[in-house]
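Both backbone and side-chain heavy atoms feed into the values below; hydrogens, waters and symmetry mates do not.
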Amino acid sequence: MKTRIHTTRIIAYLVQYALVTFLFWFLRSHFFLMLFIILSVVPFLSIGAVFILRRFVEVTIMAPEREQYRDEPGYLRLRVVNRSWLFSFDANLILRTENCFFQDSGTTRISVPIQMHSTYEQMIPIKYSMNGLYRYQMDGFTMRDLLGIVSLSKKSQTTTEVVIYPHGDVTKKGNLSDMSQGMTESEETMKRGHDFSDVSDVREYIPGDKLMSIHWKLSAKRDILMVKDRVSMSDQQMVILTELSGEDEQVDEILSLTYGVCESFVDEQVYVRLMWWSEGRFAFEERQIVSREALRLAYADLYYDKVYENRDKTRELMRSIHPELKAYVHICNRNGEADAEVVEQD
């Protein structure tokens with residue numbers, strides 16, 4: 001957005017000014033004299049006012065909800081603060097929207113009024129039809145003077161992000177008992193001290209509790225030993241490899257199916273090892289999923305990766321990099337639909 005001079009408005013104004021000047025010269029009327037003086041002064045007042053107004057106006061955008069689920073209505077809050085007693089009827093901003101995961105972007109022009117010495121807020125409805133990390137960015141805005149002769153731009157960089165999680169579709173999860181063939185014993189090579197359990201409550205210390213379960217920060221605040229009460233997870237792990245290749249719509253359905261499958265296993269207290277191939281890091285990313293919160297955090301990280309084209313790459317790299325995995329659940333696109341299959345490695 002740049003400062004612009006609207007020549008058509010100037011030409012139209014000069015035509016009116018010439019007409020009033022001619023009528024005053026021809027009729028010698030006091031009315032046309034006053035009109036001539038007003039038309040001579042008003043353009044300078046109008047342009048000067050918008051230059052002053054620009055100094056006192058700030059525009060920001062923010063997302064009240066930073067995390068949402070797909071197909072649920074969301075909102076962006078647009079806020080215009082004017083600390084002067086001037087105003088403008090025509091202010092425009094360009095809002096850039098980008099789905100960082102699918103690398104899809106677009107722009108929207110929004111027209112807002114700038115009222116005298118006030119704060120104007122507008123809730124912009126948004127419907128998220130695909131999963132991913134959505135970034136909204138505004139670099140500035142423009143405002144016109146009252147006569148529409150000039151448009152001034154002002155930088156006002158503001159950015160907000162929203163993470164969209166899938167709705168785990170029960171109808172597409174498949175038979176979890178069939179997927180259990182991909183379950184393996186939890187490996188001893190995992191990080192030392194990892195506890196395959198989920199914290200369900202915090203209570204006072206009882207003699208016999210493990211020292212590793214003590215909640216030290218809370219104990220220091222309450223001046224009494226407090227321990228984390230945990231729900232034990234299974235001693236087995238479900239390895240799930242999600243495929244990030246294909247058309248955008250296909251990958252979106254794969255993400256939804258993966259999310260639903262992981263939710264189901266976590267609800268059954270089965271430890272999930274979620275894996276995906278990262279093109280940017282050229283390595284497999286792994287996340288240990290022992291709760292729904294851990295699943296959301298894993299997806300927030302996954303959205304910083306990108307979709308790739310080679311559909312055979314994931315399975316080939318899995319065989320060469322992780323030959324120790326005898327079996328895993330591969331969630332990918334088959335026959336145009338997201339599906340889960342158990343892959344057994346030799």
Side-chain angles (χ1 to χ4, degrees), residues 1-64 74-98 105-127 134-161:
M1 295 182 290
K2 299 180 180 179
T3 300
R4 291 180 55 195
I5 297 176
H6 302 278
T7 54
T8 54
R9 289 294 185 96
I10 295 177
I11 293 172
Y13 193 85
L14 289 176
V15 170
Q16 297 177 33
Y17 185 77
L19 179 61
V20 170
T21 302
F22 172 77
L23 291 174
F24 167 67
W25 175 80
F26 184 76
L27 299 175
R28 301 293 179 179
S29 168
H30 285 84
F31 171 76
F32 285 105
L33 174 62
M34 293 179 58
L35 194 58
F36 172 79
I37 295 173
I38 292 174
L39 290 179
S40 300
V41 174
V42 165
F44 298 98
L45 295 177
S46 178
I47 296 174
V50 76
F51 271 94
I52 297 173
L53 176 63
R54 180 172 63 172
R55 298 175 52 192
F56 295 96
V57 176
E58 295 293 337
V59 180
T60 57
I61 56 169
M62 65 169 294
Y75 294 92
L76 288 179
R77 178 180 289 131
L78 173 65
R79 194 166 187 260
V80 182
V81 179
N82 180 14
R83 293 179 283 109
S84 74
W85 290 99
L86 301 172
F87 61 94
S88 174
F89 294 122
D90 189 2
N92 293 276
L93 60 91
I94 301 296
L95 183 63
R96 291 192 292 169
T97 305
E98 180 185 9
S105 61
T107 58
T108 303
R109 179 181 294 273
I110 302 175
S111 180
V112 295
I114 299 180
Q115 303 170 352
M116 292 188 299
H117 202 270
S118 63
T119 299
Y120 171 81
E121 288 192 355
Q122 179 181 350
M123 300 298 288
I124 304 173
I126 304 289
K127 185 176 181 180
Y134 285 80
R135 179 177 293 130
Y136 299 93
Q137 182 173 342
M138 185 189 69
D139 296 326
F141 59 95
T142 61
M143 62 186 77
R144 280 196 185 189
D145 67 300
L146 296 180
L147 294 181
I149 296 175
V150 63
S151 294
L152 298 183
S153 63
K154 181 177 181 178
K155 292 184 178 180
S156 181
Q157 291 186 343
T158 177
T159 304
T160 188
E161 294 182 348

R79 side chain reached by V81 side chain, heavy atoms, under 4.5 Å: yes

Pairwise side-chain contact, I94 with R109, heavy-atom cut-off 4.5 Å (strictly under): yes

S88 vs V50 side-chain heavy atoms within contact, under 4.5 Å: no

Closest non-hydrogen atom pair, R83 against R55: NH2-O, 3.8 Å

Other residues, nucleotides, ligands: >12 heavy atoms within 6.0 Å of M62 CE: yes

Atom OH of Y75: over 12 foreign heavy atoms under 6.0 Å: no

Stepwise side chain to side chain contact (heavy atoms under 4.5 Å, CB included) test for L39 and Y13: CA-CA 9 Å; L39 290 179; Y13 193 85; 3.4 Å; yes

Side chain to side chain, I52 and S84, heavy atoms closer than 4.5 Å: no

Contact check, side chains of L78 and L93, non-hydrogen atoms, under 4.5 Å: yes

From OG1 (T97) to CD1 (I126), nearest 0.5 Å: 6.5 Å

Lys/Arg-Asp/Glu bridge criterion (N-O < 4.0 Å) met for E58, K154: yes

Aromatic contact, F36 with Y17 (centres under 6.0 Å): yes

Side-chain heavy atoms of T158 within contact of V59, under 4.5 Å: no

Minimum-distance pair of heavy atoms, taken over all atoms of H6 and S151: NE2-OG, 2.6 Å

Pairwise distance CZ(R4) to CG(L152) - rounded to 0.5 angstrom: 12.0 Å

Distance, nearest 0.5 Å, that separates OG1 of T159 from CD of Q137: 4.0 Å

Candidate pair L76 and L95, rule side chain to side chain contact (heavy atoms under 4.5 Å, CB included), full reasoning: CA-CA 11 Å; L76 288 179; L95 183 63; 3.9 Å; yes

Spacing of I149 atom CD1 and R144 atom CZ [to the nearest 0.5 Å]: 10.5 Å

Flag side-chain contact, heavy atom, 4.5 Å: N82 against V80: no

Over all atoms of both residues, closest heavy-atom pair of I114 and F87: O-CB, 3.2 Å

F22 and W25 aromatic ring geometry - parallel, tilted or perpendicular at 30°/60° bounds: tilted

Distance (rounded to the nearest 0.5 Å) between T21 OG1 and L33 CG: 10.5 Å

Nearest-0.5 Å distance, CD of residue E121 to OG1 of residue T60: 8.0 Å

Heavy atoms from other residues, nucleotides or ligands near CZ of F56 exceed 12 (cutoff 6.0 Å): yes

Student check: side-chain heavy atoms of F141 and V57 closer than 4.5 Å: yes

Main-chain N/O of L147 paired with R9 side-chain donor or acceptor, under 3.5 Å: yes

T160 (side chain) donor-acceptor with Y136 (main chain) under 3.5 angstrom: no

